[in-house]
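Here's the structure we're looking at; comments come further down.
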Amino acid sequence: MAVLLEIANVSKSFSGLRAVSDVTFGVPEGSIFAVIGPNGAGKTTLFNMIAGVFAPNSGTISFAGQRIDGRTPDEICRRGIGRTFQLVRPFPTLTVEDNVIVGALLRQPDVPAATKRAREVLRQLDLFDKRAQLASKLTLPDRKRLEVARALATEPRLLLLDEVMAGLRPTETDRIVEILKKINRDTGLTILLIEHVMRAVNSLASRVLVLHHGAAIAEGTPEAIVREPAVVESYLGVEAV
Amino acid sequence: MLTVEDLDVFHGDARALDGVSLTVEEGAIVAVVGANGAGKTSLIRTIAGMYRPARGRIQLRGADIAGLPSHRVCNLGIGQVAEGRQVFPTLTVAENLEMGALLPRARAHRVTNLDRVYALFPRLSERASQAAGTLSGGEQQMLAIGRCLMGQPDLVMFDEPSLGLAPAVVKTVLQTIHELNREGLTCVLVEQNVAVSLKLASRAYVLENGRITLSGTGAELLADDRVRKAYLGM
Amino acid sequence: MPAEIYLNVAVSGLLTGLVYGLMALGLSVIFGVVRVVNFAHGEMMTLAMYLAVVLFSAFKLDPLLMMVPIAAVLFVLGYALQMGLINPFITRPEHSQFMLLVAIAIILVNGLLIVFGPDARSVQTSYAYDSFAVGPLIVDATKTYAGLAAIAVAAALFAFFRFAPLGKAIRACADNYTGALVVGLDVKRLYALTFGLGAACVGAAGAMLVLIIDVTPQLGPAYTLLAFVIVITGGLGSMPGALVGGVLIGMTEAMAGLLFTPSAKSMFAFAILVLVLLFRPQGILGKQLS
Amino acid sequence: MRSLLLDGVSRRVWIALGVTLAVLLIAPLIVNDYLLTILILILYFAYTAQAWNIMMGFAGQLSLGHALYVGLGAYTTAALYVHFGLSPWLGLPVAVIVSALTGACIGFLAFRFRVAGVYFAILTIAFAEFARIGFDHFGWVNGSSGLFLPVANYTQSDLWNLRGKPVMFYYVLLFFTVAALALCHALLRSRAGYFWQAIREDEEAARSLGIDTFRYKMYAVVLSAGMTSVAGVFFAFYYNNLFPEQVFSISRSVELILAPVIGGVGTLIGPIVGAFLLTGLAEVIWEFLNAFGFDPPGAKQVFYGICLLFVVVLLPDGVWPPLSRALGLAERPDAPDDKPEA
Amino acid sequence: MKRHTNMTRRRLLAGAAATTTFLAAPTIVRAQGGALKVGVLLPRSGVQASIGQDCQRGADLSVSLLKSLGYPDITLMNADTETNVDVARTRAEKLIADGAQLLVGAFDSGQSTAIAQVAEQKGIPFVINIAAAPPITEQGYKFVFRNFPTAPMILGDAFANQKELFEAAGAAPKTVVFMHVNDTFGMAMKGGIGAVMPKFNMPYQIVEQISYDPAARDLSVELAKAKATGAEALMVVSRLNDAILLTREMVKQRWSPMAVLSMGPGWYEDQYLKTLGKLADGPLSFVPWFDPNKKLSKQLEAALAKAHPDINLNTNHVYTFEALLVAADAFKRAKSTDPKALADAIRATDITDNVSPGPGIKFDAKGQNDKLKDSAIQNRGGKLVTVAPKVAANAKVEWPMKPYDKR
């Protein structure tokens, strides 16, 4: 499989604090790739660099063979990378459908076509029945799925998911996992997720990268990763007392 | 000491807490575990008076405190080490600590409390005149704990105290909590470091989607399959 | 033009600028902490000026001495306003806050018109027409007193925020709202206190200004606008910034008036504002915007 | 286009709009000249409110200096008419272009340099003040002496030169107001409308969906500025005199904002309802005070201010959202709609 | 509905109609006979509140004074324009809807123009009390009349009166600096100077023109600039607040010109005299005024003194009164409240028993009283004396002005 997203020696510091240091990995086209690590490990920083929120201090990010580091978020999205936010940010006073139409309009010629596309996506994510509700009235799991729907509506080649499972119950987690798996299987969409919930990572990802203190400490299949002592220590908790 | 009964909290239209009840005994460490967004922070902030509950009772030593403004709750002896540390970045370390001691209940003990905090965290006294925003994460966490102790609390709620800290620092922080508890401080501990917090806790609750789904002693939950599966990924 | 005119105008611009700065200080204090732009700023100052006029005409009390009591009255007013009306608006969008304060401004202007009538009122102090001559330099006495008072008030405020526990607590609120709640600060009261302090500055400025300009009910909007220009130029929320902005605008207006046509001198003040907004949006002494 | 205009409007709303429009169309036959003047004023504010609403209500960019565009529109058409005898309808495109370019200028500077929120609002005031002083020194339009339009006799209405009786201005304004409503409705359902609302709600999230927020914010400013300047044409030819002090003053800008804020920012009908309420309110207070013989100058404005205060405190979203729900005319029904799938 | 003149400072308005005709009356029924209903539109709140309320005093005096002079009854219907053209126009419509048969107002050129259009459309005569912008009577209105000089008229009289004074004093400045406010009136005057001054062969030359912002909060720079020109006298067109500011600056900056020659409001106003005390003495104002020697002036002055003992008679009172005088006179001659008849009567106005200087009130084809004369007045000990023209003078000029530091 060709590598769709390539992160090479990327580092980022904030006022002297090194958030991400020298991270390198590649996401193959059509795969589901997970980045895990404790809070503060630099996952969100890494994520934001890919999404264009800020540029890396050094290193390069390439998407489909082209450099994208330092590009603006909207340009990165137009190139085919959709994203969600860790703290969900739907447009609260718009309806669910309108939220998704905003995303769909990126690739659709007009509003009716975008509406059609939006409804397809809403069906995929089991939100069709709630399409006329205001986004602010949704429950957390629904809002999480709405974020995914909105990102999917932009018809990305790569979907960046920032802790979409966080705060969901196991059944709800399973539901999203199934949806994502199906989309990945049916459309070949590449997914990069940042996740805490090991249950989701284990069942979704084909490869996992573990970040700790900004550095990649392990990469491999989920099964291999949970056996790594460094991972267990950093992620599942140290013996403190 | 603290009892929470049937607490409902809404953020706008979204339900954050749904019928939450828990009990904290004097001198105990009570752990609340749960995923991000499960309502842990909402629970702490509601007890602290920062959010108003839609329904339910919060009692401190038998007195109802639900709906009291946060400064009054603080003055009743419920301290908080908040998520994200919440130090005042442009104030100096000493000024940050002083802010903790502005509570009426703590004003008279300001000097002794300051000595105690500096003894507990010598780093803070070294950096007393430095702006808090320039401290490292671990030092900020110490400052947050120190600032809380300046308020002479009887009960402290720790919200993710190890978040984003290096393992060595996490160890210090958790040891400090353990020590403070041994000196008689009642603690409520919300931690993503599930294994450790369950080990520390005399009693623990699992919060999922705003609801308490499991409770028991720390050891019981540590042995519980559901907890192991959901939070330890095993 | 003789050379000394430049010196004279520069000194006059400096003093006027300091008074402008004092006037703008209140706006800056309030925005820096409460994050509400007081669109009724000029109207509150007009009210203070009327207070000074009434105290003077009824009891022959000198506005310079009345600065403190007038500031106290405005403090109470500001405190009550924040507690009663503005507090619920802190989380509302800006246009909503704007509308609230516009409504308050309309009520103030026309209330003053009803009570005091439309004619300009003034205070006739014994030193109203004094000036000091230092060689070719002639310095306006009232402006000098007002400028010194501006520096004194700014210094007092600075000391309050730097050293008084209450002042530090207010800074803490501005620094981190959640943090302030967490340590048990009564944020609502501190906000009201801040608004009161801001209003007190406005009161002090009004008492000073009445020595320089006569007061009419309609004076407010022009001063509100001037205060915006100064505060944004100097840095919204920064106290030294307000003074620096005031002096900069005062000097700019004075020099533009001297070198170009005075009728367009405010245009230069606005030009400075636009330049500052574009190249240093946080203002000359303002903190980086988040 | 048809679908843009008809989509998402329930039958009840159509009926309500139709009845209102019918009443407004025949109003000049029923009411006296005084009421007609009031109606003209209402339509003027309803029109400008909608134009402002595009920028603030749709795209979330707070402008407190919209008098600038009214003034530019007024001065451009009036000056062309006075100096070259150019019909206001021919001057109109020039006015729109001048205003739109000015808006583009302000927008470009603000958005490129990330001037936002309160700072942006004050920048807009600054530009309006800048224009006021500038026009005071602008000899071609007589500076502060004021620009007077020649007034012909009024026996017949000359629509081409906008010289005539109030009733002509009434229908011209009614046309523009209805056109603006239709345009706003269509815009809200267009690509730009969706993107604007996304930007208003959350600019960062909007960018993450590939929206070039700079470009769409510019569209909003340019369109709003251009539309607002049309009201200036009316202003110039209705009042026949222009003074920089008067047209560019801050109080003018504030007047323009009252109606949409009181009516409901971001809604379609709110700005119009706000214009009706506020202009009506001013007259009612005047009548009321008069009836009680209590009329010290300023009393009317005090009561007006108190009413504003009450509305803004009690109805954070403006009058229209709760009113529309009460009337069953809500713009965004919460229940799933029954329209067939596209 | 009876207009009662309330002597308290805060007048209550009682004259306006209590009923509102909301629906159009196909033909507005206008009672023949009875009092003439005059709508008085003045900016009594807003930026011009001070002047608007001052004008209102003149209007309030008029009703009983005119009656005592043998004119038929008039009833005032007062309306506040709030210094806003929208409101001015709306109020004008409202007054007409409530039965006003003639309109008077509105001090400001912009508001007057807005009202003029309503009057013209309705065929209701509109007598402008004060507004100096020349275009108003150049618009071809048939129902608009102005008994107030235009800017060029004021200037012409000012120069003539100045020459008369210089002759009487036996001295004249050789240089003057001209300061003017950059508003409608200031610009109209500035524009007029270039055209009018050469005709008068003035003994002085203008060394510099300084224009300042009407919203100016501080005039120290402007005055420093004026002082630096070294001119012997200050020629000025200002407004009240600026006049006070400028005087203060003159005192503080220690500049005592030979004379202050004002050609606009401010320097003679009560507020100026009251605020500045003995420092107010000396300035000469060349303005539309009253002829203190005329009988009616004395009557008006007495009426004002009775109603407002602390207020000097000034332009605002005089011209508002004369506007109502024109109305009452027309009503008397027309013997009808029909607006058309009233307008015709106004066109034929020929009042010689009036207050303002000059032959009297007569309107030309454009509706302008072009016979108006202006006076030169000087502040003396808190009072105002007329020093020129000779026919309307009651005192001799004091020349030069006493230096400020010697008072």
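Between D:I257 and C:H95, every side-chain heavy-atom pair lies at or beyond the 4.5 Å cut-off. Residues C:S263 and D:D136 are not in side-chain contact: their nearest non-hydrogen atoms beyond the backbone lie 4.5 Å or more apart. Counting heavy atoms from C-beta outward, D:F113 and C:L277 have side chains that stay 4.5 Å or more apart. Side chains of D:P316 and C:R92 form a contact here, defined as non-hydrogen atoms less than 4.5 Å apart. At least one side-chain heavy atom of C:F270 sits under 4.5 Å from a side-chain heavy atom of D:I133. Two residues are said to be in side-chain contact when any heavy atoms from C-beta on lie closer than 4.5 Å; C:F31 and D:V118 meet this criterion. Looking only at side-chain heavy atoms (C-beta outward), D:Q301 and C:V109 stay at 4.5 Å or farther from each other.
For the options D:V115, D:L64, D:D317, heavy-atom pairs under 4.5 Å to chain C are most numerous at D:L64.
The distance from the CD1 atom of D:I250 to the OG1 atom of C:T224 is 8.0 Å, given to the nearest 0.5 Å. Interatomic distance, CD of C:E94 versus CE of D:M56, reported as 7.5 Å (0.5 Å rounding). Taking CD1 from C:I106 and NZ from D:K300, the interatomic distance works out to 10.5 Å, rounded to the nearest 0.5 Å. Between atom CZ of residue D:F303 and atom CD1 of residue C:I107 there is a gap of 10.5 Å, rounded to the nearest 0.5 Å.
C:A103 and D:L308 make their closest contact through CB-CB, 3.8 Å (heavy atoms, listed as atom of the first residue, atom of the second, distance). Smallest separation of non-hydrogen atoms from D:F130 and C:A271: CE1-N, 4.0 Å.
Of the atoms belonging to D:V311, not a single heavy atom falls under 4.5 Å from chain C. Neither the backbone nor the side chain of C:L101 comes within contact range of chain D; no heavy atom of the residue lies under 4.5 Å from a heavy atom of that chain. Contact of D:F127 with chain C is made through the side chain alone, with heavy-atom distances under 4.5 Å. For D:I306, the parts sitting under 4.5 Å from any heavy atom of chain C are the backbone and the side chain alike. The part of D:L62 that comes within reach of chain C is its side chain, from C-beta onward, which places non-hydrogen atoms under 4.5 angstrom from that chain. Within the 4.5 angstrom heavy-atom criterion, only side-chain atoms of C:I232, from C-beta onward, approach chain D. For chain D, the nearby parts of C:L100 are the backbone and the side chain; heavy atoms of each come within less than 4.5 Å. Only the side chain of C:L85 comes within contact range of chain D, with at least one heavy atom under 4.5 Å from a heavy atom of that chain. The contact between D:V261 and chain C is made entirely by side chain atoms (from C-beta outward), counting heavy-atom distances below 4.5 Å. Heavy atoms of D:V313 lying under 4.5 Å from chain C belong to its backbone as well as its side chain. With a 4.5 Å cut-off on non-hydrogen atoms, D:I125 touches chain C through its side chain but not through its backbone.
If you check the side chains of C:T261 and D:H137, you find no donor sitting under 3.5 Å from an acceptor.
Contact residues of residues 36-48 of chain C toward chain D are C:V37, C:F39 (heavy-atom distance under 4.5 Å).
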